[in-house]
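See structure below.
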Amino acid sequence: MGEVPRQISPDGKFYWDGARWQPLDARHSGYPAPAGYGYAQQPRVVFGGLLIRFVAYLIDSLIIGFPLAILFGVLAAAGVLGSPVSPNDLPAPPPGGTATGAFTLSPAAIFWFYLFGLLVSAAYYASFWGTSGATLGMRLFELRVVDADSGQPIGIGRAIVRFIGFIVAAFPCWIGLIWSAFDPRAQGWHDKIASTVVLQSRAA
């Protein structure tokens with residue numbers, strides 16, 4: 001018996017894969033094209049798992065955190081984030097001990113530096129998610145963020161919403177992020193808030 005042809009939607013834009021309607025034109029979507037419709041063979045696409053996404057996040061954290069750590073050290077050395085304390089201002093040392101200089105950090109300065117770091121992170125993630133769909137860390141594992149329904153890029157606005165959702169998902173002991181390990185489409189809370197999924201391309 002010959003192969004059963006795929007069912008095509010009346011408008012000719014989708015095909016039925018046995019579970020859901022998928023976009024027929026994979027050249028402009030995040031989903032693979034069905035075989036036999038004149039397109040070159042596409043990489044197999046699956047939802048990005050929790051572990052691989054976590055490793056990508058760690059890499060992105062290093063990319064953002066390393067320059068911020070250098071900046072923190074420079075500002076601290078310049079006295080912007082605090083002030084040195086003279087040994088004369090310290091309590092008397094215990095018997096046999098010595099009094100040494102110290103450095104006190106300003107809570108207000110630390111708050112503003114933390115806020116600056118948060119804005120830098122938001123700009124980094126939103127710009128990459130909203131344009132190419134993949135941060136530098138995600139590109140190493142062929143991960144990308146796309147619209148949950150169409151597979152299209154999500155744009156800067158929804159990327160910002162996703163970043164805010166990411167903070168919300170991470171706040172209660174990372175439960176909202178771990179949620180993706182049990183979700184059928186590997187969506188964390190931030191994905192559900194922004195209506196996104198993370199796809200990973202693999203060799204067919």
Side-chain angles (χ1 to χ4, degrees), residues 48-91 93 97-147 153-181 186-200:
L50 173 63
L51 180 58
I52 199 70
R53 289 164 64 175
F54 177 72
V55 175
Y57 171 73
L58 288 180
I59 294 174
D60 287 323
S61 297
L62 291 175
I63 294 174
I64 299 173
F66 186 70
L68 288 177
I70 294 178
L71 178 61
F72 182 91
V74 172
L75 293 178
V80 176
L81 299 179
S83 60
V85 176
S86 170
N88 296 330
D89 298 330
L90 297 176
T98 58
T100 59
F103 189 90
T104 59
L105 294 174
S106 168
I110 295 301
F111 169 79
W112 287 111
F113 186 85
Y114 176 81
L115 182 60
F116 172 75
L118 186 63
L119 293 176
V120 170
S121 299
Y124 174 87
Y125 285 106
S127 60
F128 280 112
W129 288 345
T131 53
S132 66
T135 62
L136 299 179
M138 294 174 69
R139 291 178 184 179
L140 296 177
F141 305 102
E142 297 185 317
L143 297 168
R144 66 188 184 281
V145 179
V146 298
D147 180 85
I154 62 175
I156 299 296
R158 285 176 62 189
I160 294 175
V161 172
R162 189 175 190 269
F163 180 79
I164 295 174
F166 182 88
I167 297 176
V168 173
F171 186 75
C173 301
W174 300 81
I175 294 177
L177 303 179
I178 299 174
W179 187 276
S180 62
Q187 289 179 299
W189 291 359
H190 54 310
D191 289 310
K192 294 185 180 296
I193 291 173
S195 187
T196 59
V197 292
V198 176
L199 302 179
Q200 181 179 24

Open item on the list: Using the rule given for side chain to side chain contact (heavy atoms under 4.5 Å, CB included), can you reason through F166 versus I193, listing the C-alpha separation, both sets of side-chain angles and the distance that settles it, and then say yes or no?
Closed with: CA-CA 9 Å; F166 182 88; I193 291 173; over 6 Å; no

Task: Pairs satisfying salt bridge (charged side-chain N to carboxylate O under 4.0 Å, His left out), at least one member in residues 106-126, at least two apart - done: none

Open item on the list: Minimum heavy-atom separation for G188 and S180, please, with both atom names.
Closed with: N-CB, 3.7 Å

Task: Side chain R144, main chain A134, donor-acceptor under 3.5 Å - done: no

Open item on the list: Suppose the criterion is side chain to side chain donor-acceptor pair (under 3.5 Å): which pairs have a residue in residues 61-75, not counting sequence neighbours?
Closed with: none

Task: Pairs touching residues 65-81 that satisfy side chain to side chain donor-acceptor pair (under 3.5 Å), sequence neighbours left out - done: none

- [ ] Tell me, please, which residues at least two apart from S132 pass side chain to side chain donor-acceptor pair (under 3.5 Å).
- [x] R139

Task: Side chains of H190 and L177 in contact at under 4.5 Å (non-hydrogen atoms) - done: yes

TODO: Provide the closest heavy-atom pair for P153 versus G130 in the form atom of the first, atom of the second, distance.
DONE: CB-O, 4.5 Å

Task: Listed partners of F54 passing ring pair (Phe, Tyr, Trp, His ring centres under 6.0 Å), at least two apart - done: none

Open item on the list: Please list all pairs meeting salt bridge (charged side-chain N to carboxylate O under 4.0 Å, His left out) that have one or both residues in residues 113-127, counting only residues at least two apart or in different chains.
Closed with: none

Open item on the list: Suppose the criterion is salt bridge (charged side-chain N to carboxylate O under 4.0 Å, His left out): which pairs have a residue in residues 186-197, not counting sequence neighbours?
Closed with: R53-D191, R162-D191, D183-K192

TODO: To the nearest 0.5 Å, tell me how far I110 CD1 sits from F113 CZ.
DONE: 7.5 Å

Task: Non-neighbouring partners of V55 that pass side chain to side chain contact (heavy atoms under 4.5 Å, CB included), sequence neighbours left out - done: I59, F141

Open item on the list: Under the rule for side chain to side chain contact (heavy atoms under 4.5 Å, CB included), what residues qualify as partners of S127, not counting sequence neighbours?
Closed with: none

- [ ] Answer yes or no: is there a side-chain heavy-atom contact under 4.5 Å between F128 and V145?
- [x] no

Task: Minimal non-hydrogen separation, A186 against G48, with atom names - done: CB-O, 3.4 Å

Task: Distance (rounded to the nearest 0.5 Å) between L68 CG and I63 CD1 - done: 12.5 Å

Task: Nearest-0.5 Å distance that lies between atom CH2 in W189 and atom CD1 in I178 - done: 10.0 Å

Open item on the list: Please find the pair of heavy atoms, one from V197 and one from D147, that lie closest to each other, and give the distance.
Closed with: CG2-O, 4.2 Å

Open item on the list: Going by side chain to side chain contact (heavy atoms under 4.5 Å, CB included), name the residues that satisfy it together with A181, two or more places apart in sequence or in a different chain.
Closed with: L50

- [ ] Mind checking ring pair (Phe, Tyr, Trp, His ring centres under 6.0 Å) for Y114 and listing every partner two or more places apart, or none if nothing turns up?
- [x] none

Open item on the list: Counting neighbours of CG on L51 that are heavy atoms of other residues, nucleotides or ligands and sit closer than 6.0 Å, is the number greater than 12?
Closed with: no

- [ ] Measure the spacing between CG of L199 and CD of E142 and express it to the nearest 0.5 Å.
- [x] 12.0 Å

Throw together a table of side-chain donor-acceptor distances under 3.5 angstrom for residues 116-126, partners on residues two or more places apart or in other chains.
unit_1, atom_1, unit_2, atom_2, d
S121, OG, G117, O, 3.0
Y124, OH, D60, OD1, 2.6
Y124, OH, L136, N, 3.4

